[in-house]
**Student:** 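Pasting in a structure now, in structure tokens, and then I'll have a few things to ask.
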Protein chains: 2
Amino acid sequence: MSTVRTPTRLRILAAATDLFGLRGVDAVSLDVIANEVGVAKQTLLYWFASKDELLAAVLLEAANELTVVIEAAVRASTDDPLDRIDAVVRAVFRPAVRRPALLGLVREVSRVPEEVGARLTGQLQLLASRAADYLGQEMDAGRLRRADPGLIAALSYATVTGIATEPAVLRVNGWEPTPAGLRHLRDELRGFLRAALAP
Amino acid sequence: MSTVRTPTRLRILAAATDLFGLRGVDAVSLDVIANEVGVAKQTLLYWFASKDELLAAVLLEAANELTVVIEAAVRASTDDPLDRIDAVVRAVFRPAVRRPALLGLVREVSRVPEEVGARLTGQLQLLASRAADYLGQEMDAGRLRRADPGLIAALSYATVTGIATEPAVLRVNGWEPTPAGLRHLRDELRGFLRAALAP
DNA sequence: TCCCCTGTCTACCATATGGTAGAGAGCCTA
DNA sequence: TAGGCTCTCTACCATATGGTAGACAGGGGA
């Protein structure tokens with residue numbers, strides 16, 4: 001109950017992102033979103049002309065959030081190879097940890113106009129390829145045991161996507177989709193990368 | 001148009017499996033399924049009392065299909081380590097190749113009674129842990145470079161699940177969700193494992 | 001022949017959902 | 001104060017969807 005309230009439009013966007021990403025667009029009605037935000041359904045339709053337009057806005061916003069993550073990863077670079085690996089791993093996992101629904105939105109890309117969907121998939125691609133590039137550099141420098149960096153990144157990416165999209169997937173593997181659980185997974189992957197370091 | 005038609009119940013089950021797994025339960029109406037099968041909606045409701053009951057039957061059937069896959073993988077064993085690795089990889093990837101919707105059903109587990117959902121997640125767990133066990137054996141025997149077998153299996157599993165669930169994920173990584181594309185991915189993973197073999 | 005059972009259908013209903021119409025409250029500016 | 005603009009609301013509508021009621025066709029047994 002702060003005096004300065006987040007603008008309605010942003011609150012709608014945030015709630016829709018989480019609900020769409022976690023449950024899927026078809027499973028979430030405008031009423032549910034409005035209820036979550038604490039406004040009437042018509043307030044939603046004032047800010048976004050239709051459900052489709054709301055989804056498009058959500059995907060664009062997600063793409064923007066990912067841009068921020070990627071740019072932060074670009075800036076993060078130290079001389080310690082382990083730290084640098086950690087930075088990349090963090091860059092790949094952070095969206096899943098901070099906003100599990102973000103990557104789950106990939107599921108809905110086909111519903112929006114192509115240029116909108118391309119923004120999101122483009123950012124995800126960038127995230128994956130940046131990780132691949134970095135791992136490739138480490139290998140070239142002899143600090144990482146050589147393997148297919150694209151595959152490693154793809155596996156990481158698929159893991160992240162799988163986690164973000166399907167909490168059930170996580171449970172199948174015996175993990176709980178909590179921040180702590182995701183941290184544990186990140187540590188495991190980090191250990192995997194550390195083990196891959198050239199002896 | 002064969003003279004011997006598949007029983008209606010089985011045709012409904014098959015269509016519902018594909019539609020539920022690929023698009024999600026909420027995105028698929030009973031009318032759509034009935035249309036796909038070529039019967040009236042009420043015929044669906046004659047065989048399955050409700051949509052929820054249909055979903056439960058679909059999940060049970062999927063669990064049974066996975067059981068067959070796993071048992072086949074258990075039987076497959078030769079002395080050539082590469083062939084044995086290939087057999088495990090095949091076992092993990094086969095459901096995704098033959099029936100992409102099968103693993104996508106994980107998404108819907110939380111909707112059905114716990115004992116029904118547990119059947120499916122249990123089989124998926126078995127699939128993943130069998131791969132982990134096998135990779136562990138190979139490592140103990142010195143034929144595979146040591147790394148966390150559980151993590152490798154989890155990564156494979158997450159990849160499979162991601163592919164099966166989200167064709168868009170595959171496209172982000174530059175792959176097409178076709179059988180040929182999946183074969184390519186399988187070969188890549190095989191190459192990864194081969195590269196991991198102890199020198 | 002009659003009856004009942006199986007399987008499929010047409011007709012219909014109640015509800016939920018996406019979306020429209022328009023009123024009203026609050027605020028800024030003239 | 002008046003007028004208009006921004007934002008949110010109540011009331012309502014058309015359609016789609018899950019589900020019910022019951023008719024009808026066909027086949028097998030008494």
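Throughout, a chain's letter reflects where its sequence line sits, starting with A, and its residues are numbered from 1.
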**Student:** Would you mind listing every salt bridge (charged side-chain N to carboxylate O under 4.0 Å, His left out) that reaches into residues 36-55 of chain A, with sequence neighbours excluded?
**Tutor:**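 Pairs touching residues 36-55 of chain A that pass the test: none.
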**Student:** Rounded to the nearest 0.5 Å, what separation is found between the CG atom of B/Leu105 and the CG atom of B/Leu55?
**Tutor:**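 Here the interatomic distance stands at 7.5 Å.
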**Student:** So, using side-chain hydrogen bond (donor to acceptor under 3.5 Å, both in side chains) as the criterion, who are the partners of B/Asn64 when residues are at least two apart?
**Tutor:**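 If we apply the side-chain hydrogen bond (donor to acceptor under 3.5 Å, both in side chains) test to B/Asn64, skipping adjacent residues, the hits are B/Arg119.
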**Student:** Could you pull out all residues at least two apart from B/Thr43 that satisfy side-chain contact (heavy atoms from CB on, under 4.5 Å)?
**Tutor:**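 Checked B/Thr43 against side-chain contact (heavy atoms from CB on, under 4.5 Å); matches are B/Thr8, B/Val39, B/Ala40, B/Trp47.
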**Student:** Could I get the full list of side-chain hydrogen bond (donor to acceptor under 3.5 Å, both in side chains) partners for B/Gln123, not counting sequence neighbours?
**Tutor:**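 B/Gln123: side-chain hydrogen bond (donor to acceptor under 3.5 Å, both in side chains) contacts with B/Thr67.
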**Student:** Think A/Thr8 has a side-chain N or O under 4.0 angstrom from the OP1 or OP2 of D/dT8?
**Tutor:**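 It does, given that an N or O in the side chain of A/Thr8 lies less than 4.0 Å from OP1 or OP2 of D/dT8.
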**Student:** Pick one: which of B/Leu60, B/Leu102, B/Val58, B/Leu59 meets side chain to side chain contact (heavy atoms under 4.5 Å, CB included) with B/Leu120?
**Tutor:**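 One option only clears the test, and that one is B/Leu59.
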**Student:** Can you list everything that forms a side-chain hydrogen bond (donor to acceptor under 3.5 Å, both in side chains) with A/Ser50? Sequence neighbours excluded, please.
**Tutor:**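 With sequence neighbours excluded, A/Ser50 shows a side-chain hydrogen bond (donor to acceptor under 3.5 Å, both in side chains) to no residue whatsoever.
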**Student:** Salt bridge (Lys or Arg N to Asp or Glu O under 4.0 Å) with B/Arg111: which residues, sequence neighbours excluded?
**Tutor:**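 With neighbours one apart ignored, the set is B/Asp26, B/Glu108.
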**Student:** What pairs of nitrogen or oxygen atoms, one from the protein and one from nucleotides 11-15 of chain D, lie under 3.5 Å apart?
**Tutor:**
unit_1, atom_1, unit_2, atom_2, d
D/dA11, N6, A/Gln42, NE2, 3.1

**Student:** Please tabulate, for side-chain N and O atoms in residues 13-23 of chain B, each donor-acceptor pair with protein atoms closer than 3.5 Å (sequence neighbours left out).
**Tutor:**
unit_1, atom_1, unit_2, atom_2, d
B/Thr17, OG1, B/Leu13, O, 2.8
B/Asp18, OD1, B/Arg99, NE, 3.1

**Student:** Counting only heavy atoms and a strict 4.0 angstrom limit, can you tell me which residues of residues 43-54 of chain A come near DNA chain D?
**Tutor:**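 Here the set is A/Thr43, A/Tyr46, A/Trp47.
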**Student:** Working to the nearest 0.5 angstrom, can you tell me the gap between B/Tyr46 OH and B/Ile12 CD1?
**Tutor:**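 If I round to the nearest 0.5 Å, the distance is 11.0 Å.
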**Student:** Between residues 27-39 of chain B and DNA chain C, which residues have a heavy-atom gap below 4.0 Å?
**Tutor:**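 Heavy-atom contacts with DNA chain C come from B/Val39.
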